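In this text, all values refer to a predicted model and were calculated from it rather than measured experimentally. Numbering of residues begins at 1 and proceeds along the displayed sequence. The figures here come from the full heavy-atom set of this structure, side chains too, leaving out hydrogens, waters and symmetry mates.
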Amino acid sequence: MKKILIRFIYGFSFSIAITLMVQLCVMAFTGKIPMIPEYADKFSQEIMAFGVELLLIGCMSGVTSAGTLILESKRLGLLMSSVLFLVIMLGAWIPVACLVWGFHKYVGSMISTIASIVITYGICFAVRYANCAKDVAVINEKLLVKKES
C-alpha cells in the first residue's frame, strides 16, 4: 500500500508540474488559458476550471504511476499484467479526456489523447518486457549451469 501511495504522489506531482509549465508557456504565447469552452462553461471562473483540470490530470497520472506496480508483479505474467495495466490506465484517462478535453467531440483531442496513451503504455510495456527478458535470461543461465553440473 505504501508503494502505491508513493507512486501515486510522484505521478500526481510530476504531471501537475509538467502540465503547469506547458500551460504557462501556452498562456504566455496566446494570452489565455487553453481549454475547451464546454469544459470552462461548467465553472463560474476560468481559473477554477484550470485548477480542477490540473487536479484531474494529476489524478489520472497518479493512477497510471501507481498502476505500474502491476507491471512489476512477478506473480502475473507479461500478458496478464499488461492487460490489467492497460485497463487501469484507460479507466483513468478516458473519463478525464472526455470531460476536460472533449475526447469524444474533437478530433485533435482524440488524436493527442490516443497518442499520449500509446506512448505512455508503450514505454511502460517496453520496460516490463525488458525486465521479463532479463528474468528469462537469468533462469536460462541457471538451467544451463545446472545441466552442465
Side-chain angles (χ1 to χ4, degrees), residues 1-140:
M1 198 63 180
K2 184 179 175 183
K3 282 184 176 182
I4 291 172
L5 185 58
I6 289 170
R7 289 266 176 106
F8 182 88
I9 290 170
Y10 280 147
F12 183 88
S13 303
F14 288 133
S15 69
I16 286 181
I18 292 167
T19 301
L20 191 54
M21 287 188 299
V22 169
Q23 297 287 39
L24 288 174
C25 290
V26 170
M27 286 187 275
F29 287 112
T30 65
K32 58 183 179 178
I33 300 174
M35 65 181 67
I36 61 170
E38 292 87 355
Y39 172 73
D41 290 343
K42 294 178 183 182
F43 298 88
S44 59
Q45 297 177 347
E46 198 173 52
I47 194 71
M48 178 66 93
F50 182 66
V52 171
E53 178 181 6
L54 283 176
L55 288 175
L56 289 171
I57 291 169
C59 288
M60 175 187 77
S61 297
V63 168
T64 301
S65 293
T68 59
L69 287 170
I70 288 174
L71 292 174
E72 295 175 11
S73 172
K74 299 287 184 184
R75 286 189 229 167
L76 298 173
L78 177 62
L79 179 61
M80 180 59 85
S81 64
S82 299
V83 169
L84 282 174
F85 175 69
L86 181 61
V87 168
I88 289 169
M89 190 175 152
L90 291 176
W93 285 55
I94 298 299
V96 173
C98 288
L99 177 67
V100 178
W101 304 312
F103 174 79
H104 58 292
K105 196 171 190 179
Y106 299 105
V107 175
S109 173
M110 191 177 296
I111 290 169
S112 66
T113 301
I114 290 171
S116 295
I117 289 170
V118 168
I119 290 168
T120 302
Y121 181 78
I123 291 168
C124 293
F125 179 81
V127 169
R128 170 67 167 134
Y129 182 81
N131 288 338
C132 281
K134 284 180 192 175
D135 291 345
V136 168
V138 168
I139 291 168
N140 285 339

Q. Just by distance, do the side chain of Ser15 and the backbone of Phe12 share a donor-acceptor pair under 3.5 Å?
A. yes

(Q) Let me confirm one number: the SG-CD1 distance from Cys124 to Ile119, rounded to the nearest 0.5 Å. (A) 12.0 Å

Q) Quick one: does Gln23's side chain get under 4.5 Å of Ile33's, heavy atoms only? A) no

Q. Which atom names give the shortest non-hydrogen contact between Met110 and Phe103, and what distance separates them?
A. CE-O, 3.3 Å

Q) When rounded to the nearest 0.5 angstrom, what distance separates CE in Met1 from CG in Leu69? A) 11.0 Å

Q.
Checking Met60 against Met89 for the side-chain contact (heavy atoms from CB on, under 4.5 Å) test, could you report, in this order, the C-alpha distance in whole Å, the side-chain angles of both residues, the deciding distance, and whether it holds?
A. CA-CA 8 Å; Met60 175 187 77; Met89 190 175 152; over 6 Å; no

Q: Look at the side chain of Tyr121 and the backbone N and O of Ser82, then say whether any donor-acceptor pair between them is shorter than 3.5 Å.
A: yes

Q. Side chains of Glu72 and Arg128: does their closest heavy-atom pair fall under 4.5 Å?
A. no

Q: State, with a plain yes or no, whether a side-chain heavy atom of Leu24 is found less than 4.5 Å away from one of Phe29.
A: no

**Q.** Side chain proximity check, Trp101 to Val96, heavy atoms < 4.5 angstrom
**A.** yes

Q. Shortest non-hydrogen contact from Leu54 to Ile16?
A. O-CG1, 3.5 Å

Q.
Nearest 0.5 Å, please: how far is OH in Tyr106 from CD1 in Ile111?
A. 14.5 Å

Q) How far apart are the C-alpha atoms of Ile6 and Lys2, what are their side-chain angles, what is the distance that settles it, and do they pass the side-chain contact (heavy atoms from CB on, under 4.5 Å) test? A) CA-CA 6 Å; Ile6 289 170; Lys2 184 179 175 183; 3.9 Å; yes

Q: Report yes if some heavy atom in the side chain of Val52 is under 4.5 Å from a heavy atom in the side chain of Tyr39; otherwise report no.
A: yes

Q | 4.5 Å side-chain heavy-atom contact, Ile36 and Val100 | A | no

Q. Any side-chain heavy-atom pair from Lys32 and Met27 closer than 4.5 angstrom?
A. no

Q. In Å and rounded to the nearest 0.5 Å, what is the OG to CE distance from Ser73 to Met80?
A. 10.5 Å

Q. Once you round to the nearest 0.5 Å, how far does OG1 of Thr19 lie from CG of Leu55?
A. 11.0 Å

Q: Check whether any side-chain heavy atom of Leu71 lies under 4.5 Å from a side-chain heavy atom of Phe125, and answer yes or no.
A: no

Q.
So which atom in Gly11 and which in Ser61 form the shortest heavy-atom distance, rounded to 0.1 Å?
A. O-CB, 3.6 Å

**Q.** Main-chain N/O of Leu76 paired with Ser81 side-chain donor or acceptor, under 3.5 Å
**A.** no

Q) Which pair of heavy atoms, one from Met35 and one from Ala49, lies closest together, and at what distance? A) SD-CB, 3.7 Å

Q | Any donor-acceptor N/O pair, Ser13 side chain to Tyr10 backbone, under 3.5 Å | A | no

Q) Which atoms form the tightest heavy-atom contact between Arg7 and Ala66, and what is the distance? A) CB-CA, 3.7 Å

Q.
Let me confirm one number: the CG-CH2 distance from Leu86 to Trp93, rounded to the nearest 0.5 Å.
A. 11.5 Å

Q) Can you tell me if Ser112 uses its side chain to pair, donor with acceptor, with the backbone of Ser109 under 3.5 Å? A) yes

